[in-house]
Amino acid sequence: MDRVKRTLTPYLLVLPGGLWLLLFFAVPMVTMLSLSLQEGDIVNGFVFTGHWQNYVDAISAYQTQLIRSLVYGAITSVVLIVLAFPVAYWIAFYGGRRKATYLFLILLPFFVSFVLRTISWRMLLTDDGVLLHPLKEAGLLPGDFQILGTATAVIAGLVYSFLPFMVLPIYVALERIDPRVVEAARDLYASPLTSFRKIIFPLALPGVFAGVLMTFVPATSDYVNSELLGSSETTMIGQVIQSQFLSNSDYPSASALSFTLMTVLLIGVFAYARALGTEDVMKVAAR
């Protein structure tokens, strides 16, 4: 009896989480896959016909938005690494007893609604807002200068929205670095740049890897920032999917676009993991 309990215990522990994923992930995914292969309309209903042409039509019609979303997501991830690494480095090595306070301050904006924070960016970047209007009045910017409605505004909003998701994993990776390793590099006359390139950054790769996974995927599929901060020239694939689902009731097309986006993101993530060397990253993380 004890042997049976020991055998079943791990499965029983996994059961609640497994059922949750089955109910709220696997079932919706299968349903959406079925919808992507159906034909019909909201009035007469949809019928499963195995119509793969939905994918061809959706990709042909919205390939520009799909590519734009991938580009925005990649740029956002790179900018996030550049901004987040110094912040995480300073907190990890110089934060002292106030590390928890600094991390709390980074997470503080998450206590405000995501939509409200994005709207605040819209108010800040508008032509007559508190940022651009005084600069234009002072003659520091031309009168027709604008940021709102451009790719810059959308990417800035994405960077702001997902910055903590890059800072935290990098901080965790840096926090695990033994300070004596860095001191040893200095004792061996390594310059700060060499020490960073040869020791700190390689040891922080697990955090960078996790941070990119946590930011690239949601940034690419985001539609709130592009809707509120962008224009028709910056439409992202998330907006198209949202419109097809909720406004046009074209469920097969929206489902096909969703699966296409998911497939492209998975391919991109696996390619990124292979290029970075996942096994090497995991070895570093295990040290």
(Q) I'd like to know whether Phe111 forms a side-chain contact (heavy atoms from CB on, under 4.5 Å) with Leu108, so could you lay out the CA-CA distance, the side-chain angles of the two residues, the decisive distance to 0.1 Å, and finally the verdict. (A) CA-CA 6 Å; Phe111 288 83; Leu108 190 60; 4.0 Å; yes
Q. If you round to the nearest 0.5 Å, how far is CD1 of Ile59 from CD1 of Ile237?
A. 9.5 Å
Q: Find the distance between CG (Leu35) and CZ (Phe48) and round it off to the nearest 0.5 Å.
A: 10.5 Å
Q) If you group Ile, Leu, Val, Met, Phe, Trp and Tyr by side-chain heavy-atom gaps below 4.5 Å, do Val269 and Leu66 land in one group? A) yes
Q | Heavy-atom closest pair, residues Leu213 and Pro218 | A | O-CD, 4.2 Å
**Q.** With Asp127 via side-chain contact (heavy atoms from CB on, under 4.5 Å) - residues at least two apart
**A.** Leu132, Lys136, Gln146
Q. Would you say Val240 and Ile42 are hydrophobically clustered, going by side-chain heavy atoms of ILVMFWY under 4.5 Å?
A. yes
Q: Measure the CD-OG1 distance between Gln239 and Thr234 for me, rounded to the nearest 0.5 Å.
A: 6.5 Å
(Q) Strictly by side-chain hydrogen bond (donor to acceptor under 3.5 Å, both in side chains), give each pair with a member in residues 192-205 just once, sequence neighbours left out. (A) Ser191-Thr194
Q) Does Val115 sit in a hydrophobic cluster with other residues, and if so which ones, taking ILVMFWY side chains as linked at heavy-atom separations under 4.5 Å, directly or through other members? A) Phe114, Ile119, Met123, Tyr223, Val224, Leu228
Q. Do Ser161 and Asn225 have side chains that get closer than 4.5 Å, going by heavy atoms?
A. yes
Q: Please examine the side chains of Met166 and Val212, heavy atoms only from C-beta on, and report whether any two atoms are closer than 4.5 Å.
A: yes
Q.
Taking salt bridge (charged side-chain N to carboxylate O under 4.0 Å, His left out) as the cut-off, I'd like each qualifying pair that reaches into residues 84-108, sequence neighbours left out, listed once.
A. Lys99-Glu175
**Q.** ILVMFWY network linking Met214 to Val78, side-chain heavy atoms under 4.5 angstrom
**A.** no
Q. For the hydrophobic clusters of this structure (ILVMFWY residues joined by side-chain heavy atoms under 4.5 Å, transitively), does one cluster hold both Tyr102 and Tyr94?
A. yes
**Q.** ring-ring contact (aromatic ring centres under 6.0 Å, His included) partners of residues 6-31, not counting sequence neighbours, each pair once
**A.** Trp20-Phe24
Q: Starting from Leu13, walk the hydrophobic network (Ile, Leu, Val, Met, Phe, Trp, Tyr; side-chain heavy atoms closer than 4.5 Å) and list everyone else you reach, by chain and number.
A: none
Q. Who else is in Leu116's hydrophobic cluster (ILVMFWY, side-chain heavy atoms under 4.5 Å, direct or via others)?
A. Val112
Q. Shortest non-hydrogen contact from Ala204 to Leu174?
A. CB-CD2, 3.7 Å
Q: Please check if the side chain of Thr220 supplies one atom and the backbone of Leu70 the other of a donor-acceptor pair under 3.5 Å.
A: no
Q) Closest heavy-atom contact between Pro169 and Gly211? A) CG-CA, 3.7 Å
Q | Linked, directly or transitively: Val87 and Trp90 (ILVMFWY side chains, under 4.5 Å) | A | yes
Q) To which residues is Val82 joined in a hydrophobic cluster, defined by side-chain heavy-atom contacts under 4.5 Å among Ile, Leu, Val, Met, Phe, Trp and Tyr, whether direct or through other members? A) none
Check: residues 254-266 side-chain donor-acceptor pairs under 3.5 Å, at least two apart:
{"residue": "Ser255", "atom": "OG", "partner": "Tyr251", "partner atom": "O", "Å": "2.8"}
{"residue": "Ser258", "atom": "OG", "partner": "Ala254", "partner atom": "O", "Å": "2.9"}
{"residue": "Thr260", "atom": "OG1", "partner": "Ala256", "partner atom": "O", "Å": "2.7"}
{"residue": "Thr263", "atom": "OG1", "partner": "Phe259", "partner atom": "O", "Å": "2.8"}

**Q.** Pairs touching residues 66-85 that satisfy ring-ring contact (aromatic ring centres under 6.0 Å, His included), sequence neighbours left out
**A.** Phe85-Phe196, Phe85-Phe201
Q: Among residues two or more places apart or on two chains, list those pairs meeting ring-ring contact (aromatic ring centres under 6.0 Å, His included) that have a residue in residues 133-165.
A: Phe110-Phe165, Trp121-Tyr160
Q: Carefully, step by step, assess Leu107 and Leu168 under the rule side-chain contact (heavy atoms from CB on, under 4.5 Å).
A: CA-CA 9 Å; Leu107 294 173; Leu168 294 180; 3.7 Å; yes
Q.
Could you tell me if the side chain of Val30 sits less than 4.5 Å from the side chain of Leu33, heavy atoms only?
A. no
Q | Pro134 side chain reached by Val130 side chain, heavy atoms, under 4.5 Å | A | no
Q) For Glu39, what residues pass the side chain to side chain donor-acceptor pair (under 3.5 Å) criterion, not counting sequence neighbours? A) Thr49
(Q) Name the residue from Leu103, Leu80, Ile106 that meets the side-chain contact (heavy atoms from CB on, under 4.5 Å) definition with Pro164. (A) Ile106
Q: Provide the closest heavy-atom pair for Leu229 versus Thr118 in the form atom of the first, atom of the second, distance.
A: CD2-O, 3.8 Å
Q: Decide whether Asn54 and Asp57 meet the rule of one side-chain donor and one side-chain acceptor closer than 3.5 Å.
A: no
(Q) Can a donor-acceptor pair be found, under 3.5 Å and without considering hydrogens, that links the side chain of Asn248 to the backbone of Asp250? (A) no
